[in-house]
Amino acid sequence: MSEAIAIDARYKRCREGWSGHLQNCRSRILEAVGHCSGRNSVVVLGAGAGHDLPLEQLSAEFRQVVLVDLVFLRPMRKKAEKLGNVRLVEADVTGFFDLSPDRRKSFLHSALSGSPQREMLSPPEIGSGFDLVVSLNLMSQLPVMPLSVARELLKEGQELTSGEERAIARHLLDDHAIWLRDLGTGQLLVICDRWHKTLLEGEQTAKAHALWDYRLSGQGGVFSEWDWDIAPRPELDDRHDVQNVVQCWLGRAGDLALREDD
């Protein structure tokens, strides 16, 4: 709950810097709707406060709209209730936090082992056969909380090595991609961070991969990118800006792939 409130507060402070990114997200979602042959159901994973979501249009286009996130604040609840055909599902889309502490530890050890017989997570039951599946500004965030748990369970609060973080993160991302492919029979749209950049008075000073060296790909899909001014001055301080490079992939649900980035 506290994280959702903090994100909404940052949106209010950085509304101008976020406007282009939010409009791009809404436009890509409506573009994906145009590629759908059916209009029965759509699911949006990472729906959050809905600032990047053309919810009214989705409600008008589809018989049922399913929104999934860890928590929904009151404004989104009121909006969903008013529209009538919007179902809110509060759930951890990885399934990691539905496991007992012993099972979490087993999963983490499996991720680090590199074994092809790795343990897979069971995401929430939200239905299947969706005409459109949207993973919205979510994928790069999925490993954040499990990695924090991993530090406590495996390292007694000490830092993981970069290799350990990468192995656990990729395990979670691979499982998420499998789930996305299985959820829908039609179109799949994935929007997520690709790079984090730090700028000092407009000049780039640091750049880090946001998806653990993965890039969205897939046969026949359409790939695009744009910049998101996620923390413009003076959000962090008076001299530094943080900018994300956002990647977007639209294609048939079964064609999504995660590839090594260049």
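- In terms of modelled atom types and a separation under 3.5 Å, the side chain of R252 and the main chain of G218 share no donor-acceptor contact.
- Of the possible polar contacts, none joining the T198 side chain to the V242 backbone as a donor-acceptor pair under 3.5 Å is found.
- Here the side chain of E164 pairs a donor or acceptor atom with the backbone of T161 at under 3.5 angstrom.
- A distance of 5.5 Å separates CG in L30 from CD in Q57, rounded to the nearest 0.5 Å.
- The shortest side-chain heavy-atom distance between L172 and W212 does not fall under the 4.5 Å cut-off.
- With hydrogens and angles ignored, the 3.5 Å screen pairs no side-chain donor or acceptor of R28 with any backbone N or O of L189.
- In plain terms, the two heavy atoms of A150 and I168 that are nearest each other are CB-CD1, 3.9 Å.
- For the pair N244 (side chain) and H196 (backbone), a donor-acceptor distance under 3.5 Å is absent.
- Among all heavy-atom pairs drawn from S135 and H176, the shortest one is OG-NE2, 3.4 Å.
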- Message: side chain to side chain contact (heavy atoms under 4.5 Å, CB included), that's the test. Do W249 and I191 meet it? Break it down for me.
- Response: CA-CA 7 Å; W249 185 88; I191 299 174; over 6 Å; no

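- Side-chain contact check for F223 versus E225: some heavy-atom pair is nearer than 4.5 Å.
- With respect to the salt-bridge test (charged N to carboxylate O, under 4.0 angstrom), the residues E260 and R166 qualify.
- Scanning both residues, A177 and L258, for their nearest heavy atoms gives CB-CD1, 4.0 Å.
- R194 and D261 are joined by a salt bridge, as a carboxylate oxygen and a charged side-chain nitrogen come within less than 4.0 angstrom of each other.
- In this structure, the separation between CG on D193 and NE2 on H209 is 10.5 Å, given to the nearest 0.5 Å.
- A 4.5 Å side-chain heavy-atom check between F62 and L132 finds at least one atom pair inside the cut-off.
- Here the CG atom belonging to L180 is positioned 6.5 Å from the CG atom belonging to L256, to the nearest 0.5 angstrom.
- Across every non-hydrogen atom of P101 and L153, the tightest pair is O-CD1, 4.1 Å.
- Clustering ILVMFWY residues whenever any of their side-chain heavy atoms sit less than 4.5 angstrom apart, transitively, puts F97 in the very cluster that holds I126.
- Separating the CG atom in N85 from the CD atom in E61 is a distance of 11.5 Å, to the nearest 0.5 Å.
- With sequence neighbours excluded, the residues forming a salt bridge (Lys or Arg N to Asp or Glu O under 4.0 Å) with R77 are E90, listed by chain and number.
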- Query: Would E56 and K79 count as a side chain to side chain contact (heavy atoms under 4.5 Å, CB included) if you check the C-alpha gap in whole Å, the side-chain angles of each, and the deciding distance to 0.1 Å?
  - Reply: CA-CA 9 Å; E56 289 81 3; K79 190 179 295 187; 3.8 Å; yes

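- At least one side-chain heavy atom of Y214 sits less than 4.5 Å from a side-chain heavy atom of L173.
- Without hydrogens or angle criteria, D102 side chain to S106 main chain gives no donor-acceptor distance under 3.5 Å.
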- Item | K197 vs T205, side chain to side chain contact (heavy atoms under 4.5 Å, CB included): CA-CA, chis, key distance, verdict | CA-CA 8 Å; K197 298 191 295 185; T205 59; over 6 Å; no

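- Taking 4.5 Å as the limit, every side-chain heavy atom of N24 sits out of range of all side-chain heavy atoms of V246.
- R259 is linked by a salt bridge (Lys or Arg N to Asp or Glu O under 4.0 Å) to nothing, counting only residues two or more places apart in sequence or in another chain.
- Here E152 does not pair with K105 in a salt bridge; the nearest charged N to carboxylate O distance is not below 4.0 Å.
- Taking hydrophobic clusters as Ile, Leu, Val, Met, Phe, Trp and Tyr residues chained together by side-chain heavy-atom distances below 4.5 Å, M139 does not share a cluster with V144.
- Between L121 and L99, the closest side-chain pair of non-hydrogen atoms falls below 4.5 Å.
- Using a 4.5 Å heavy-atom cutoff, the side chains of L188 and L250 are not in contact.
- For residues 62-72, the side-chain hydrogen bond (donor to acceptor under 3.5 Å, both in side chains) pairs, not counting sequence neighbours, are N40-R63.
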- Verify side chain to side chain contact (heavy atoms under 4.5 Å, CB included) between V190 and V134, making sure each step is shown before the conclusion. CA-CA 6 Å; V190 182; V134 180; over 6 Å; no

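- To the nearest 0.5 Å, atoms CG (L200) and NE2 (H240) are separated by 4.5 Å.
- Under the side-chain contact (heavy atoms from CB on, under 4.5 Å) rule, L55 has a single partner from I29, V44, V86, which is V86.
- Across every non-hydrogen atom of V66 and F130, the tightest pair is CG2-CE2, 4.0 Å.
- A donor-acceptor contact under 3.5 angstrom links the side chains of N137 and D52, judged on distance only.
- Side-chain atoms of T94 and D175, non-hydrogen and from C-beta on, never get closer than 4.5 Å to each other.
- Aromatic rings from F107 and H171 are positioned such that their centres are separated by under 6.0 Å.
- Rounding to the nearest 0.5 angstrom, the gap separating the CZ atom in R74 from the NZ atom in K78 is 6.0 Å.
- Judged by distance alone, the side chain of R87 and the main-chain N or O of G84 form no donor-acceptor pair under 3.5 Å.
- Connection of V149 to L142 is established within a shared hydrophobic cluster, with ILVMFWY side chains joined at heavy-atom distances below 4.5 Å, either directly or through further cluster members.
- By the 30° and 60° cut-offs, the orientation of the rings of H21 relative to W228 is parallel.
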